[in-house]
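Working notes for the structure below.
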Amino acid sequence: MNAIALSGLAKRFGETWAVRDLSLAARTGSFVSLLGPSGCGKTTTLRLVGGFETPERGDIVIAGVRANDIPPWRRGLGIVFQSYALFPFMTVFDNVAFGPRRQGKTDGLEARVARVLDLVDLGALAKRYPRQLSGGQQQRVALARALAFEPSVLLLDEPLSNLDAKLRAEMRLELKRIQRQTGVTTLLVTHDQEEALTLSDEIVIMNEGLVVASGTPRAIWSQPGHEFVAGFLGVENLLPATILDNSVVQVTGVPVRLTLGADADARAGEALTIGIRSEDITIAQRGEAAPGLRNRIDGVVREVSYRGAVSSFQIATPLGEAPLHATDSRDWAIGAPVTVLLPAPKLMRLRGAARA
C-alpha cells in the first residue's frame, strides 16, 4: 500500500508554475527523497502534501484517503522544517509534548515522550531548554516533536541544512536509524545529493516543477538517463557524440567504444551525450598502457587540485575543447604527458532532455 500517492498535481504562483502535472507514490514504510536544485518545486510539493498550499489541480492521497480538502492538522503528518522553531521558554520535554497536549492526547503522554526522547538519544536532556543544546540536539528535539504525534507520514524540509558538515554526516546516520526503527513513511526535501543517496529507498529528481527521474539510489547513480540528472549528480564529463555502430561512438572525431546494453539497436548517425565520472577514468604514464587497449586517449595534465586521499586533474585531450576531469591517488604534475583509459561498461549514454 502507498502511504502517499500524488496524481497530476499542479501549483502555480502568479504566472509561474512551481509544480506541473506531478505524479509520484511513496510505499508505506519507505524513505523517499525529493532532490533537485533551488526553485525546482520540491518544497512546494512537500507543502502541498502537508496542506500548507492548495493545488490548482490533481489529487493528494494519504493512507488511501483523498486529502485535498483536509486541513493540515488532520492529515496525520509529522513535519520538521528547516528552521526547528522550538519554543525557547519550554523544556525539551514540554516542546515534544506540546503537540499531543494540544490534540488532547494526554493518556500515557509522559511515557510516550520519554520513549521518543530515548529514540533520539535525548532522554537525559529532557529538562534542558533549547538554548542549552547544540544545533544537532535541537534538530533531534524537532524530530522527536514530530514523532510524538505518531504520524503516518513524516515530512522533512531540508532538516540538516543548518548543521556543519561533520554534524550533518552524523545526523544522516541517526535519521536513517530512527526511520528504520520506527518504520514511519518519510518524505525528505533536499538539494544535497549525498544526503539523498545515503538515506533513501527511492530518489525523485525534480526540475522546473517536473519529475525528470526516479529510482533507487544505485539505479539513479549508475544510469541517470538524462544530461541534467547526470550533471546534477556530479558527472563531471559530458561529451557530445555520434553513434557509428552498435558499440562505437565518435567524440569529436575520436572513436570510443561504448557498451550500449538495452540501447544496442541505436541507429548509426544518432547524436547522444556520453557521461563519464571522474573516478572511472584511469590515468597512466604516456606509453605505460598497452597500445591495444580500447578507449586509450593521450592527453596533457592542465590543472591539479589536491583533495587528500586523491587529487583532481583536468586533462586536455582530443575529445574536445573542455578538459577531461579525472581523479587519481598518484601525483601528476601540470604539463605531464599521460594516457587516459575510459572503461566501456561505465560510460553512460545520456538523453539531452531534462524532462521525463
Side-chain angles (χ1 to χ4, degrees), residues 2-6 9 18-19 22-53 60 62-63 72 75-85 119-120 135-136 138-147 149 151-163 165 167-207 209 211-221 229 232-233:
N2 291 324
I4 303 173
L6 310 180
L9 209 59
V19 174
L22 183 144
S23 297
L24 64 86
R27 300 186 318 277
T28 299
S30 66
F31 197 121
V32 177
S33 291
L34 301 181
L35 175 65
S38 297
C40 72
K42 57 188 186 294
T43 295
T44 299
T45 300
L46 193 81
R47 291 180 62 83
L48 287 167
V49 174
F52 304 107
E53 301 289 350
I60 302 166
I62 300 174
R75 294 193 181 192
L77 306 174
I79 304 172
V80 179
F81 294 106
Q82 186 173 348
S83 173
Y84 309 141
L119 182 66
V120 298
Q138 290 182 29
Q139 194 272 346
R140 292 188 200 189
V141 175
L143 181 59
R145 183 173 59 185
L147 292 172
F149 286 98
S152 61
V153 174
L154 182 63
L155 304 181
L156 305 176
D157 186 7
E158 303 205 41
L160 309 183
S161 61
N162 291 330
L163 306 179
L167 188 53
R168 191 161 58 244
E170 293 174 357
M171 286 307 304
R172 285 184 199 131
L173 298 179
E174 283 296 298
L175 189 55
K176 191 169 187 175
R177 173 187 66 80
I178 292 166
Q179 193 274 334
R180 285 181 172 174
Q181 193 167 337
T182 61
V184 62
T185 306
T186 302
L187 186 63
L188 168 73
V189 162
T190 182
H191 63 271
D192 187 318
Q193 298 91 331
E194 185 176 354
E195 190 170 289
L197 290 166
T198 300
L199 290 169
S200 308
D201 298 310
E202 182 176 6
I203 296 174
V204 177
I205 296 182
M206 296 183 63
N207 190 35
V211 172
V212 296
S214 63
T216 65
R218 188 176 297 275
I220 289 286
W221 178 262
V229 178
F232 189 74
L233 290 178

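Note that this is a predicted model, so its numbers are computed, not measured.
- At most 12 heavy atoms of other shown residues, nucleotides or ligands fall within 6.0 angstrom of atom CZ in R27.
- Taking OG1 of T182 as the reference point, atom CG of L119 lies at 6.5 Å (rounded to 0.5 Å).
- Residues G50 and R75 come closest through the heavy atom pair C-NH1, 3.8 Å.
- Of the possible polar contacts, none joining the N2 side chain to the A5 backbone as a donor-acceptor pair under 3.5 Å is found.
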#### Entry: Pair L143-L154, side chain to side chain contact (heavy atoms under 4.5 Å, CB included): steps then yes or no
CA-CA 9 Å; L143 181 59; L154 182 63; 3.8 Å; yes
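- Annotation: side chain of Q179 is not in contact with side chain of L156 (no heavy-atom distance under 4.5 Å).
- The nearest pair of heavy atoms linking A196 to L35 is CB-CD2, 4.1 Å.
- Taking each heavy atom of R177 and V120 in turn, the nearest pair found is NH2-CA, 4.3 Å.
- Residues F31 and L199 come closest through the heavy atom pair CG-O, 3.6 Å.
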| said: For a side chain to side chain contact (heavy atoms under 4.5 Å, CB included) check, start with the C-alpha distance between R168 and Q139, then their side-chain angles and the critical distance, and finish with the verdict. | reply: CA-CA 10 Å; R168 191 161 58 244; Q139 194 272 346; over 6 Å; no
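- E202 pairs with exactly one of S30, S33, S214 by the side-chain contact (heavy atoms from CB on, under 4.5 Å) rule, that one being S214.
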Walk me through it: do I203 and W221 pass the test side chain to side chain contact (heavy atoms under 4.5 Å, CB included)? CA-CA 10 Å; I203 296 174; W221 178 262; over 6 Å; no
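- Other residues, nucleotides and ligands place no more than 12 heavy atoms under 6.0 Å from the CD atom of E194.
- Rounding to the nearest 0.5 Å gives a distance of 11.5 Å between OG1 of T43 and CG of L155.
- The backbone N or O of E53 sits nowhere less than 3.5 Å from a side-chain atom of R47 that would complete a donor-acceptor pair.
- Other residues, nucleotides and ligands contribute at most 12 non-hydrogen atoms within 6.0 Å of the CZ atom of R180.
- Taking CD1 of I4 as the reference point, atom CG of L187 lies at 5.0 Å (rounded to 0.5 Å).
- Side-chain atoms of L6 and L48, non-hydrogen and from C-beta on, never get closer than 4.5 Å to each other.
- Proximity of T45 to V204: side-chain heavy atoms (C-beta onward) are nowhere separated by under 4.5 Å.
- Annotation: side chain of T190 is not in contact with side chain of L160 (no heavy-atom distance under 4.5 Å).
- The closest side-chain heavy-atom distance from L77 to I62 is below 4.5 Å.
- Counting heavy atoms from C-beta on, the side chains of D157 and I79 never come closer than 4.5 Å.
- One finds the OG1 atom of T186 at 12.5 Å from the NZ atom of K176 (value rounded to the nearest 0.5 Å).
- Using a distance-only test at 3.5 Å, with no hydrogens or angles considered, a donor-acceptor pair links the side chain of K42 to the main chain of G36.
- V211 places none of its side-chain heavy atoms less than 4.5 Å from the side chain of S23.
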Practice problem: Could you walk me through whether L34 and L24 pass side chain to side chain contact (heavy atoms under 4.5 Å, CB included), step by step? | Solution: CA-CA 10 Å; L34 301 181; L24 64 86; 3.9 Å; yes
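- P217 and S200 get closest at one heavy-atom pair: CG-O, 3.3 Å.
- Listed here is the closest heavy atom pair of T185 and G29: OG1-N, 2.7 Å.
- Side-chain contact check for S38 versus H191: every heavy-atom pair is 4.5 Å or farther apart.
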